[in-house]
Number of protein chains: 2
Amino acid sequence: MSRRTGAVTMHEVAARAGVSIKTVSNVLNGYQYIRPATKEKVEAAIADLGYQVNITARNLRRGRSGLIGLAVPELSLPYFAELADSVIRAAEARGVTVLIEQTGSVRERELEVLTGQRRHLTDGLIFSPLELGPADVDALKVEYPMVLLGERIFGGPADHVTMSNVDGARAAVQHLLDQGRRRIAVIGAHEGETIGSAALRVQGYREALDAAGIPFDPALVGEAGLWHRATGAETMHRLLDSGVEIDAVFGLNDALALGALHALHARRVDVPGRIAVIGWDDIEETAYSSPTLSTVSPGREQIARTAVDLLLARIDDPEVDRPFERVVADFTIVGRESTLGDAAPEVAVPVAR
Amino acid sequence: MSRRTGAVTMHEVAARAGVSIKTVSNVLNGYQYIRPATKEKVEAAIADLGYQVNITARNLRRGRSGLIGLAVPELSLPYFAELADSVIRAAEARGVTVLIEQTGSVRERELEVLTGQRRHLTDGLIFSPLELGPADVDALKVEYPMVLLGERIFGGPADHVTMSNVDGARAAVQHLLDQGRRRIAVIGAHEGETIGSAALRVQGYREALDAAGIPFDPALVGEAGLWHRATGAETMHRLLDSGVEIDAVFGLNDALALGALHALHARRVDVPGRIAVIGWDDIEETAYSSPTLSTVSPGREQIARTAVDLLLARIDDPEVDRPFERVVADFTIVGRESTLGDAAPEVAVPVAR
DNA sequence: TTGTAGGCGTTATCAC
DNA sequence: GTGATAACGCCTACAA
């Protein structure tokens, strides 16, 4: 708040301009009916004194802060860093500021985010949980505007923006099938889970295989709890060590796929010559890896914009109780070297759903 | 602020506990001299009503927000995302919250950050400018606590945490020399600039060559204004096209080096067989690129922690006018495949300054 | 078109 | 130990 001693207040501006404090307030808030002369006097005083409104006082009075929360697992995960970037820009375009909170994918911290003190500081929350699930739906019944991101909770008590998981996965696998691949491994599955991105993308994977008449082989499913590069590499090594025949890999996110690329490179396996690889997220890194990584581009910008719009709609009129919306973002298959080979120009294929 | 109607206030808690509002406040703020029985009554009332303090009101009264600003170019640049992560954690450990602002490396926005409305919302600012320079030193004379990061402004009117640019660069180049490299290109130079990371790191580069008795060859200096992967790749291509003999590349940051790796891969140049590459920043990606990237680890955690500590010291007693401090972070050379070859175990070499 | 009064929810001051 | 009461700086009624 930078309450340096003697920060100028409206009173001083009013005194200097020879008007009342209310008039100053009116000028500041663009009130229509002010005599031009008065307005000028006030503006001159504001300029002279270098006055700036005290936002905290305004917030207290207005019951609004102009701040929205964005809770993500970690900024050091590139997808979330890029998402945060997009959300900040979208929010800025709408005149609000974003307060980022990291949950570290820790259940307790995800719950804390919902009820913590910071909720008093923000007008609403965009929340991307990675641990909460349908069982926590009660914890999500909060009194403030919230938009959920991700695929952990469906039909929850909030607006919800989600990726096109099943369709995107199906398209990704179809892209591999189109290159003649038949032994397609998947990395990042969560055994026993029936919710979340992992389950949905694996479902899309299976649907694509089914449609192609290829039997599902559990030996091709690589579990990986955390979707980091390290786990992607480990899982890739494990699959290769298992001796199962593989001619393609579907990483359920880019970090996993990049980890897999790393492992394949370490073992001198030609990509895509022997094994093709596709990821998910279209983080910037995928355009520069060696080889460049084909991926599913999940509509990050659209997700950010939609989330901000939905949230602000609720903030702007909290009385209306509109039914909760669910928005599914558009996706694109981005074909790069890791599936198309060296000569591959980058091609983005929008896929109709 | 989630001013949902009927949020519980201290008055209600006081009424319920049968005490005065001040007593509730005392309990909340850990005031020592309270009769245990009174304290219990109040705590029970708080629990019953699910009361939470209104931070905005507290902030207004206290003249503090518990928020500090962190202004960086972009979160989509991995180094800054990882830095933000570290700063958020360091701040959390000290009980304060971080408000991130993106300047997009735009001069006007960097100036705006210094004077904008958000400064009323934060108790201080950690600022990493990329465009401002010594000429802007007046704009940096702000009334609130600030810590500068980076190498744009030295001797400015603020505490300053910086990387060990010259020494780190010298060590990086020495690392290449140790591998027998003699034709070392540098990518990311800023022609004509005498301040900033580029100039300092190029200076270290030249010092290392001098010490090794290798003449400086301007043909080996690749200009690149923006330090992104794309510009790194372009510059690498340009250098290769120029026909100059090169057996190693020093990317002034990891993004440039990764872009260079990308270009080298595209042209089927063996790394490090024919050209060794080293970067700067030690972003997570460098441990997973193909080949893995050797780099200078600039002490990100230490930088974040130090910056937060310095800032909070100023915030905690604003009256004291301590001279401005300058802290130079420790660095480490991390040797990976891009300089040491395939068998390379990852080795981190702390370098004494 | 402008001014006055009052309160947003808390904390600080100072009696009691 | 605890309780009135007055700010913190602004905005909304309402009055003028």
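Sequence lines set the chain letters: A, B, ... in the order given, protein chains first and strands last, and positions in each chain run from 1. None of these values were measured; they are calculated from a predicted model.
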Open item on the list: Output the rounded distance in Å from CD (A:E40) to P (C:dT2).
Closed with: 12 Å
TODO: Would you kindly check whether a donor in the side chain of B:R61 faces an acceptor in the base of D:dA7, or vice versa, at under 3.5 angstrom?
DONE: yes
Task: Nearest listed nucleotide, side chain of B:L60, among D:dC8, D:dT2, D:dT12 - done: D:dC8
- [ ] Round to a whole Å and report the spacing from CZ of A:R58 to P of C:dG9.
- [x] 18 Å
Task: Given A:V327, A:L310, A:L148, the one that forms side-chain contact (heavy atoms from CB on, under 4.5 Å) with A:H160 - done: A:L148
TODO: List the steps, then state whether salt bridge (Lys or Arg N to Asp or Glu O under 4.0 Å) holds for B:R109 with B:E74.
DONE: CA-CA 12 Å; B:R109 306 209 47 191; B:E74 289 181 58; over 6 Å; no
Open item on the list: Distance check needed: D:dT2 C1' versus B:K39 NZ, whole Å only.
Closed with: 16 Å
TODO: Indicate whether OP1 or OP2 belonging to D:dC10 is found under 4.0 Å from a side-chain N or O atom of A:Y51.
DONE: yes
Task: Nucleotide of C:dT10, D:dG9, C:dT13 approaching B:V53 most closely (side-chain heavy atoms) - done: C:dT10
Open item on the list: With a cut-off of less than 4.0 Å, is there a side-chain N or O of B:N59 near OP1 or OP2 of D:dC8?
Closed with: no
TODO: Kindly calculate the angle separating the two end axes of the helix from C:dT1-D:dA16 to C:dC16-D:dG1, each obtained from five base pairs, and round it to 10 degrees.
DONE: 40°
Task: Nucleotide of C:dT10, D:dG1, D:dT12 approaching A:K22 most closely (side-chain heavy atoms) - done: D:dT12
Task: Whether over 12 other heavy atoms sit under 6.0 Å from A:K39 NZ - done: no
TODO: Give the rounded distance in Å between these two atoms: CD1 of A:I21 and C1' of C:dG6.
DONE: 12 Å
Task: Euclidean distance, atom CZ of residue B:R64 to atom C1' of C:dT10 [Å, nearest integer] - done: 16 Å
Task: B:T23 vs D:dG1: side-chain N/O to OP1/OP2 distance below 4.0 Å - done: no
Task: C:dT1 OP1/OP2 closer than 4.0 Å to side-chain N/O of A:R35 - done: no
- [ ] Determine the contact category for B:M10: base if any of its heavy atoms lies under 4.0 Å from a base atom, sugar-phosphate if only primed atoms, P, OP1 or OP2 are that close, otherwise nothing.
- [x] base
Open item on the list: Looking at A:S25, I'd like to know whether one of its side-chain N or O atoms comes within less than 4.0 Å of OP1 or OP2 on D:dC11.
Closed with: yes
- [ ] Looking only at side-chain atoms of A:T9, point me to the closest of D:dG9, C:dT11, C:dG3.
- [x] D:dG9
Task: Spacing of B:N29 atom CG relative to D:dT2 atom C1', expressed in whole Å - done: 15 Å
Task: Protein-nucleotide distance (A:N54, atom CG; C:dC8, atom P), rounded to Å - done: 18 Å
TODO: Please examine the side chains of B:V137 and B:P157, heavy atoms only from C-beta on, and report whether any two atoms are closer than 4.5 Å.
DONE: yes
Task: Whole-Å distance separating the OH atom of B:Y33 from the C1' atom of D:dG3 - done: 19 Å
Open item on the list: Counting the atoms with a prime plus P, OP1 and OP2 as sugar-phosphate, which does B:I55 contact under 4.0 Å by heavy atoms, base, sugar-phosphate, or nothing?
Closed with: nothing
Open item on the list: Check the phosphate of D:dT2 against B:S20, side-chain N and O only, distance under 4.0 Å to OP1 or OP2. Yes or no?
Closed with: no
- [ ] Show your working on side-chain contact (heavy atoms from CB on, under 4.5 Å) between A:E131 and A:D136 and close with a plain yes or no.
- [x] CA-CA 10 Å; A:E131 292 297 324; A:D136 302 296; over 6 Å; no
TODO: Starting at CD of A:Q302, measure out to OG of A:S86 and round the result to the nearest 0.5 Å.
DONE: 11.5 Å
Open item on the list: Can you tell me how far apart CG (B:L83) and CD (B:E301) are? Round to the nearest 0.5 Å.
Closed with: 9.5 Å
